[in-house]
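One structure below.
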Amino acid sequence: MKKIIILGSTGSIGTNALEVVRKSNEKFQVVGLSGHRNHKLLLEQIREFQPKYVSVGTEEGYEIIKREFPNIELYCKDEGLKELALKDDYDILLTAVSGAIGIEATVEGIKKGKRIALANKETMVAAGPYINKLLKENLKAEIVPVDSEHSAIFQSLLGGRREEVRKIIITASGGTFRGKKREELKDVTVEQALKHPNWAMGKKITIDSSTLVNKGLEVIEAHELFGVSYEDIEVLVHPQSIIHSMVEFKDRAVIAQLGAPDMKLPIQYAFTYPEREASSALEPLDFTKVSTLTFEKPDHQTFKGIELAFKAGKIGKTMPAVLNAANEVAVELFLKGKIKFLTIYEIIEKAMERHIPLEIDGVEIIKKVDSETREWVYLNYE
Ligand code: NDP
Ligand code: MG
């Protein structure tokens with residue numbers, strides 16, 4: 001039985017992961033859970049899964065959980081995520097919190113030599129070079145991606161050798177506003193932006209999908225995870241979200257992974273790799289219902305998210321951390337109704353323009369750049 005800690009268990013990925021565990025015939029055991037504000041759901045999860053370790057984001061949640069479970073090892077606020085990752089008696093750390101807050105726990109999990117099932121793409125974007133350095137120093141540790149595109153690339157890469165890869169093709173649904181022009185996006189509402197055509201996800205990533213910043217983050221994530229240069233990464237809009245991404249090899253063979261748009265498969269694969277397991281949690285793909293798969297180029301004039309990410313990624317150093325931090329705050333302000341949709345791009349662009357990229361020599365520099373960028377955005381746009 002594999003022992004699993006789930007950071008962000010109350011979120012979209014977290015609840016899907018618990019469903020995978022539920023249907024696994026006791027192949028997996030949950031030893032740690034973390035939630036932030038939703039202590040009600042966290043309590044239900046504790047009752048059902050009986051973890052040894054729990055972290056919650058609020059003091060109110062802490063008191064309530066402590067009262068019902070006085071014997072649980074309970075932690076509170078940001079430190080809690082790290083405390084859980086520092087435990088010895090687990091095999092897999094699923095980082096499914098949203099945002100750069102996931103960096104430190106991921107770092108500790110790697111130092112412990114654990115498998116990281118990585119959903120939290122912001123970690124790889126902001127801290128990729130540092131995470132890769134740590135992976136080289138801690139050879140027992142490994143990252144198995146959960147992001148569906150990266151899981152697909154990870155699986156497709158098994159079809160050849162790394163040096164035989166010609167390029168990586170990341171597919172994109174195109175988001176809620178696919179086909180719309182800049183003019184039409186000026187006054188879109190939060191409700192409109194939150195309607196994703198194919199995937200049910202947390203709010204932050206759903207907005208990122210509608211700006212295509214999510215795809216941009218995924219380009220940087222792919223570069224960091226697979227060591228493929230930016231020139232060899234292509235984004236292709238594929239509205240049906242059936243092909244989750246592809247790898248083209250030197251001989252022009254393209255290997256892809258297909259499946260129903262459901263995060264439970266990449267989550268379970270990150271738990272079972274290199275094995276595959278049957279599960280009643282997983283639905284088969286019905287090709288007769290899919291019938292057509294279509295592809296088109298992204299509209300970079302309207303959706304600047306991909307090009308901004310290529311730019312930040314090619315500059316490298318701390319620039320992707322700035323792109324990520326600026327975007328996180330911009331999305332928060334958009335969700336609160338404080339800025340317009342297109343201002344998200346403006347914030348990222350301006351934050352990048354004013355930043356002088358620094359070498360990443362540890363987690364401190366990333367935290368510093370991250371918080372300076374956030375402060376600047378709040379000061380100028382809140
Ligand atoms: P959700 O918003 O649904 O969930 C986020 C989780 O993180 C919740 O458990 C939330 O707790 C917790 N959380 C939020 N803020 C903090 C904080 N400051 N400190 C500690 N915990 C916090 O997000 P998703 O599940 O959609 O996404 C999680 C990650 O996975 C993101 O990085 C996303 O990019 C990535 N991802 C998600 C996909 C999806 O299909 N959803 C697909 C691919 C990647 P609470 O709710 O209790 O406040
Ligand atoms: Mg994805």
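Reckoned from all heavy atoms, side chains included, excluding hydrogens, waters and symmetry mates. As the structure lists them, so they are numbered: ligands from 1, and atoms in each ligand from 1.
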[atom]: the protein heavy-atom neighbour that sits closest, reported with distance to 0.1 Å:
atom                    : result
atom 46 (O) of ligand 1 : Thr10 OG1, 3.3 Å
atom 4 (O) of ligand 1  : Gly11 CA, 3.2 Å
atom 19 (N) of ligand 1 : His36 ND1, 3.3 Å
atom 2 (O) of ligand 1  : Gly202 CA, 3.8 Å
atom 29 (C) of ligand 1 : Val97 O, 3.3 Å
atom 43 (C) of ligand 1 : Asp147 OD1, 3.1 Å
atom 3 (O) of ligand 1  : Ser12 N, 2.8 Å

Only heavy atoms of [X], strictly under 4.0 Å: list the atoms of ligand 1 that pass.
X      : value
Ile205 : 26 (O), 33 (C), 34 (O), 36 (N), 37 (C), 38 (C), 42 (C), 43 (C), 44 (C)
Lys121 : 32 (O), 34 (O), 44 (C)
Ala119 : 30 (O), 32 (O), 35 (C), 36 (N), 44 (C)
Met201 : 26 (O), 39 (C), 40 (O), 41 (N)
Ser98  : 5 (C), 7 (O), 31 (C), 32 (O)
Gly8   : 6 (C), 7 (O), 9 (O)
Glu122 : 31 (C), 32 (O), 34 (O)

Indicate yes or no: does an N/O atom of [X] lie under 3.5 Å from an N/O atom of ligand 1?
X     : answer
Ser34 : no
Arg37 : yes
Gly14 : no

Out of the N/O/S atoms in [X], what is the name of the one closest to the Mg ion (ligand 2)?
X      : answer
Glu149 : OE1
Asp147 : OD1
Glu218 : OE2

Between the side chains of Tyr378 and Glu332, does any donor sit under 3.5 Å from an acceptor?
yes

Please check if any side-chain donor atom of Gln45 sits under 3.5 Å from a side-chain acceptor atom of Ser9, or the reverse.
yes

[atom2] on [Y] to [atom1] on [X], rounded to 0.5 Å:
X      : Y      : atom1 : atom2 : value
Thr189 : Phe334 : OG1   : CZ    : 7.0 Å
Asp232 : Ile168 : CG    : CD1   : 8.5 Å
Asn214 : Ser209 : CG    : OG    : 4.0 Å
Ile267 : Asp147 : CD1   : CG    : 11.0 Å
Ile5   : Leu84  : CD1   : CG    : 5.0 Å

In terms of hydrophobic clusters joined by side-chain contacts under 4.5 Å, are Leu134 and Ile143 together?
yes

Could you tell me whether [X] and [Y] make a salt bridge, using a distance below 4.0 angstrom between a side-chain N and a carboxylate O?
X      : Y      : answer
Lys27  : Glu277 : yes
Arg22  : Glu19  : yes
Lys368 : Glu364 : no
Lys112 : Glu108 : no

From atom 27 (O) of ligand 1, work out which of Ile13, Asn38, Val125 has a heavy atom at the shortest distance.
Ile13

Say whether Ala96 and ligand 1 are in contact under the criterion: heavy-atom distance to a ligand atom below 4.0 Å.
yes

Does ligand 1 have any atom that is closer than 4.0 Å to a heavy atom of Met263?
yes

Restricting to non-hydrogen atoms, name the atom on Pro298 and the atom on Val237 that form the minimum distance, rounded to 0.1 Å.
CA-CG2, 3.7 Å

Which atom of Lys3 lies closest to which atom of Asp91, heavy atoms considered:
N-OD2, 2.6 Å

